Structures are given as structure tokens and as C-alpha cells.
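One structure is given here, and the rest of the page talks about it.
Not measured: the values here are computed from a predicted model. Start at 1 and go down the list; that is how both ligands and their atoms are numbered. Along the sequence shown, the residues carry numbers beginning at 1.
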Amino acid sequence: MIRLSSLLMSEIDESVTAELTRLRESIDNIDAAVVHMLAERFKCTQQVGVLKAKHHLPPADPAREARQIARLRQLAESARLDPAFAEKLLNFIIAEVIRHHETIADGAH
Ligand SMILES: O=C(O)C(=O)C[C@]1(C(=O)O)C=C[C@@H](O)C=C1
């Protein structure tokens, strides 16, 4: 009886571990995709930074940001992602982009 229940328990342990491993593999793939997508986005914004510095345009464009936030919040809602989280994430990324733009503009002087 004891042997049977410990056998069952180890089988349950194994199935939990297997499911956790499967889910973590997907999480790792998603994290890799996020990193690659962010790298591509920063390549684009780097070019925007150079263009802005060359033409003496300000690093930040609040009107553009407002449109991006409104759009992203809508996308988040349809994807059942918290829109407040999507907004915070975009603001976090944009703040870093603006910092890069400022560094490029400082170097152009
Ligand atoms: O579209 C621009 O003008 C950018 O500089 C890019 C970007 C962004 O990361 O999406 C960054 C800063 C601006 O305030 C708005 C948008």
C-alpha cells in the first residue's frame, strides 16, 4: 500500500515536472522573440534618432506617443492583456528611445 502510493506520487511529480518544463520551453521561446523584436525596434528608432538629429527635430514627439498609446491599449484589450500594463511597457521603451535620441543629438553638436 505504501509502495503503491509512493509510486503514484512519483508519477504525479513527474507529470508536473514535465508540464512545467514544457511551459518553460515556450516561455523561453517567447522571451527570445521579445528580445529579437525589441532589437529590431531599436534598430529602427536608432535611424529615427539620426534623422531627427540631422534635421534638428526634438527627440520626443508627444502627439505621436499619444496615438501609439491609444492604439496599443486597444490592441491589448482585444488580446486580453491589461491595457495599463501595455501602456507602461510602451512608455518604458519610449523613455529609453528618447534617451538614445538625446545621446545621438548631443554627439551631432
Ligand atoms: O516616432 C518618433 O518620432 C520616434 O522618435 C520613435 C518613438 C518610439 O519609440 O516609438 C520615440 C520617441 C517619440 O516621442 C515617439 C516615438
Fill in: Pairing residues for Arg73 by the side-chain contact (heavy atoms from CB on, under 4.5 Å) criterion, not counting sequence neighbours
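Checked Arg73 against side-chain contact (heavy atoms from CB on, under 4.5 Å); matches are Ile69, Pro83, Glu87.
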
Practice prompt. Check whether more than 12 heavy atoms from other residues, nucleotides or ligands sit under 6.0 Å from atom CD of Gln74, and answer yes or no.
Written response: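 No - once you tally the heavy atoms of other residues, nucleotides and ligands closer than 6.0 Å, there are 12 at most.
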
Worksheet entry | Pair Glu40-His36, side-chain donor/acceptor within less than 3.5 Å | no

Discussion item. If hydrophobic clusters are built from ILVMFWY residues whose side chains come within less than 4.5 Å, do Leu20 and Ile30 share one?
Written reply: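 Shared cluster, no.
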
Worksheet item: What are the two closest heavy atoms between Leu81 and Ala86, and how far apart are they?
Response: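 For Leu81 versus Ala86, the nearest heavy atoms are CD2-CB, 4.2 Å.
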
Practice prompt. Please report the shortest heavy-atom distance between Pro59 and Glu102, naming the atom on each side.
Written response: CG-CG, 3.8 Å

Discussion item. I need the contact residues for ligand 1: any residue with a non-hydrogen atom closer than 4.0 Å to the ligand, ordered by chain then number.
Written reply: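 Residues near ligand 1: Arg41, Thr45, Val48, Lys52, Pro59, Ala60, Asp61, Arg64, Glu65, Gln68, Ile94, Val97, Ile98, His101.
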
